[in-house]
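To start, the structure itself, in C-alpha cells.
Each ligand, and each atom within it, is numbered from 1 in the order the structure gives.
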Amino acid sequence: MQETTREALDALFTKQKAAFRANNNPSYEQRMEWLRALEKWMMDLRPEIQRAVAEDFSVHSPAITDIFETGGVLGRNRYIQAFLEEWMAPSPRPLPPEAHGSSTCEVILQPQGVMGNISPWNFPIECSLVMVNEMLAAGNRVIVKVSELAPATADLLQRTVGDYFDDDVLAIVAGGIEFSQYFSGLPWDHLTYTGNTSVGRLIMQEAAKNLTPVTLELGGKNPTIFLDDGIDEQHILEYLSFKFCKSGQICTSPDYALVPEGRLEEWIDIAKSVWQKAYPQFIGHPDVTGIINDRHYNRLLDWLEEARQSGAEVIALNDEEPDPQTRQMPMYLVVNPGEELAVMREEVFGPITPIKTYSSVEEAYDYIAGRERPLASYLVTAARNEADVESFKRSIISGGAGVNVFGFQAAWPGAPFGGTGGSGIGCHAGKEGFLNYCHAKTVFNCAQDNPVKVSVCVPYGEVTQAVADASFG
Ligand code: NAD
C-alpha cells in the first residue's frame with residue numbers, strides 16, 4: 001500500500017473539482033462509459049482480487065471473494081447499466097391548470113459534484129467500489145480512501161485504477177487514521193463513510209464544518225428471533241452458515257440470537273450436531289476466513305474470556321482451539337450472557353453468537369427496541385405464518401430485514417441498503433441509492449396565464465383575494 005500524502009490528495013481534489021466545473025452534466029453515454037470501465041476493471045482483476053483478499057485475511061475462500069466482493073460490484077454495475085437511462089429521465093410533475101394555467105413543472109437530476117468515499121477493511125473491494133457505481137452513474141467524480149487494515153487489496157486498487165480511469169473521474173488514495181481525518185475535513189460535495197458507528201460520529205462532525213451531506217453505512221447488533229417453529233436442523237444450519245461467512249466479519253451478520261424459553265438446550269444441541277457434520281475438522285479448513293488482524297483476534301478472545309469469568313457458558317461448536325497463526329477461530333456460543341458484557345454491549349463482528357431467551361415475541365421486540373437501532377433484523381420460522389411475518393416487519397425498526405435468510409436484503413441491487421439511527425444515514429443500491437447521489441432540482445417554467453403568479457404581483461387585488469380564498473375552499 002502506498003500512503004498518499006495530503007499534498008497529493010489536495011491536488012487530486014482540486015483537479016476533480018475543476019473537471020466537474022468544466023462538465024457538470026456528463027451525458028448518458030459518458031456515464032455508461034464509466035460504468036463499463038468499472039465493469040471491465042472487476043472482470044480483469046478477478047484472480048488478483050482473490051489473491052489480495054486472501055493475503056489480507058490470511059485465509060479467505062476465493063469463491064466467497066467472487067460472490068461477495070468482485071461479484072457484488074459487478075452485479076450492482078450491470079443492474080445500473082440496465083436502468084440508467086430510465087433513472088436519468090426528467091420527471092414531469094403535473095400542475096392544476098386552474099392554479100397554474102399552462103405552466104410546467106419538472107424535476108431534473110443533477111450530479112452533486114466531487115465525492116469522498118471512506119471504506120473499511122472487511123469488504124475491501126465491495127465497500128470501496130459498490131457505491132461508486134451509483135456515484136458515477138449520477139455523474140459525479142469520486143476519490144476513494146481505502147482501509148489501511150487491508151493493505152494488499154488497497155495496493156492492488158491503487159496500482160490498477162489508472163488503467164481504467166482518468167484520475168479526474170475516479171482515484172484511489174490510502175492512508176491511516178490521521179490521513180482519514182484530513183480526508184473527511186475536505187469540502188466534499190458528498191462524503192460517504194462505511195465503518196464502525198463511533199468513527200461515523202467523528203466523520204459527521206468533520207463533514208458538518210463544510211455542510212457536506214453524508215451517507216453513513218455503519219454497524220450494530222443485528223438480532224435474530226427464532227420462533228418456536230424455526231428450531232430445526234435446516235434453519236439452524238442456515239443461521240450458522242451466514243454467521244460463519246467471513247467469520248462473522250460482515251455488517252449484516254446476525255449478531256445475537258433470541259430463542260424461546262425452554263428451547264435453548266435443544267437449539268444448542270442441534271447447532272453442535274449440524275456444525276460437526278458440516279465441518280468434522282474446522283480449524284485449518286480453507287472455508288474458514290481468518291480474523292483480519294491480531295488486534296481483532298485478541299479482542300474476540302478477550303470478550304470470550306470476560307464472558308467465562310462472569311460465569312456464562314462458552315461453547316466452541318467443534319470443541320477446537322483458535323489458531324493464532326492463521327487467526328481462524330471456532331464458532332462460539334455464549335449462553336445467556338449478562339448485559340454488562342462486551343459481547344452484549346458491542347457489535348461482535350466475529351464468529352461468536354450470544355444467545356438469550358424470551359418468553360413472548362412481544363418481549364423479544366421490546367428487548368430489541370430498547371437497544372440502538374440495528375442494521376439488520378432477522379426472523380426464523382418454518383411456517384412463515386403471515387401474521388408472524390407482518391408483525392416482525394412492522395414491530396422492529398432496523399436498516400433492513402430478512403425472513404429465513406441473512407444478508408440478502410443488502411445484496412439485491414434493485415433495493416436500497418442503508419441503516420437507521422445508530423446503524424447509519426442514507427443508502428446506496430436501488431433507485432433510492434442513485435437518487436442519494438443526485439441533486440433533485442425542481443424547475444418551474446411559468447406561463448403568463450398563471451393565476452397564482454398574477455395573484456402575487458403588486459398591487460394586490462381581486463385575483464390575490466380569490467387565490468387566498470381558494471386555499472381554504
Ligand atoms: P476500519 O478500521 O477499516 O475503518 C473504516 C475507515 O475509517 C478506514 O478507512 C479508516 O482509515 C477510517 N478511520 C478509522 N478511524 C478513523 C478516525 N478516527 N477518523 C477518520 N477516519 C477513520 O473499519 P471498521 O470501522 O473496523 O469496519 C468495521 C465496521 O464497519 C463494523 O462496525 C461494520 O458493521 C461496519 N460496516 C458497515 C457496513 C455497511 O454497509 N453498513 C459495511 C461494512 C462494514
Side-chain angles (χ1 to χ4, degrees), residues 1 3-4 6 9 56-57 68-69 72-73 76 116-132 134 143-151 153-154 157-158 172-186 188 191-207 209 212 214-222 245-255 291-293 295-297 299-300 345-350 372-376 398-400 407 409-411 416-429 433 436:
M1 184 184 101
E3 288 250 351
T4 309
R6 291 182 179 196
L9 173 61
D56 283 329
F57 283 85
F68 283 76
E69 297 270 12
V73 180
R76 183 83 68 88
N117 188 27
I118 301 177
S119 68
W121 53 265
N122 74 313
F123 279 111
I125 295 292
E126 204 261 1
C127 285
S128 300
L129 295 178
V130 77
M131 63 292 271
V132 169
E134 278 110 35
I143 304 179
V144 181
K145 210 275 316 157
V146 287
S147 177
E148 69 281 14
L149 300 185
T153 319
L157 291 180
Q158 278 183 299
I172 306 283
V173 297
I177 293 175
E178 270 181 37
F179 179 76
S180 191
Q181 285 163 341
Y182 181 73
F183 184 98
S184 55
L186 291 181
W188 303 101
L191 180 61
T192 296
Y193 162 82
T194 305
N196 68 74
T197 303
S198 47
V199 172
R201 288 198 175 89
L202 302 175
I203 299 284
M204 194 163 170
Q205 282 170 21
E206 281 303 304
K209 293 177 188 159
T212 293
V214 290
T215 297
L216 300 178
E217 296 281 346
L218 310 177
K221 287 188 81 61
N222 304 321
C245 191
K246 284 178 77 94
S247 285
Q249 300 169 107
I250 301 183
C251 56
T252 52
S253 290
D255 185 287
I291 302 302
I292 188 70
N293 55 28
R295 180 166 66 82
H296 280 285
Y297 177 81
R299 166 183 69 83
L300 292 164
R345 284 194 331 265
E346 310 278 343
E347 178 183 5
V348 170
F349 223 56
E372 193 86 81
R373 291 179 179 177
L375 184 61
S398 61
Q409 75 284 356
F417 170 50
T420 170
S423 56
I425 293 173
C427 65
H428 49 84
N436 185 46

Charged tip of Lys246 within 45° of Phe57 ring normal and under 6.0 Å =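 Ring-cation test returns yes.
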ask   = Passes side-chain contact (heavy atoms from CB on, under 4.5 Å), Glu372 versus Lys221? Steps please.
value = CA-CA 8 Å; Glu372 193 86 81; Lys221 287 188 81 61; over 6 Å; no
request  = Only counting residues at least two apart or in another chain, list the ones meeting side-chain hydrogen bond (donor to acceptor under 3.5 Å, both in side chains) with Thr4.
outcome  =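 So Thr4 forms no side-chain hydrogen bond (donor to acceptor under 3.5 Å, both in side chains) with any residue.
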query = Who passes side-chain hydrogen bond (donor to acceptor under 3.5 Å, both in side chains) against Thr252, sequence neighbours left out?
reply =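 Partners of Thr252 under the side-chain hydrogen bond (donor to acceptor under 3.5 Å, both in side chains) test: none.
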message = For a quick check: using heavy atoms under 4.0 Å, what are the residues in contact with ligand 1, sorted by chain and number?
response =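 Ile118, Ser119, Pro120, Trp121, Asn122, Cys127, Lys145, Ser147, Glu148, Leu149, Ile177, Ser180, Gln181, Tyr193, Thr194, Gly195, Asn196, Val199, Leu202, Ile203, Glu217, Leu218, Gly219, Cys251, Glu347, Phe349, Leu375, Phe417.
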task = Answer yes or no: is there an ion pair linking Arg6 with Glu3, defined by an N-O contact shorter than 4.0 Å?
result =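 Salt bridge absent between Arg6 and Glu3.
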inquiry  = Can you list everything that forms a ring pair (Phe, Tyr, Trp, His ring centres under 6.0 Å) with Phe123? Sequence neighbours excluded, please.
reply    =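 None.
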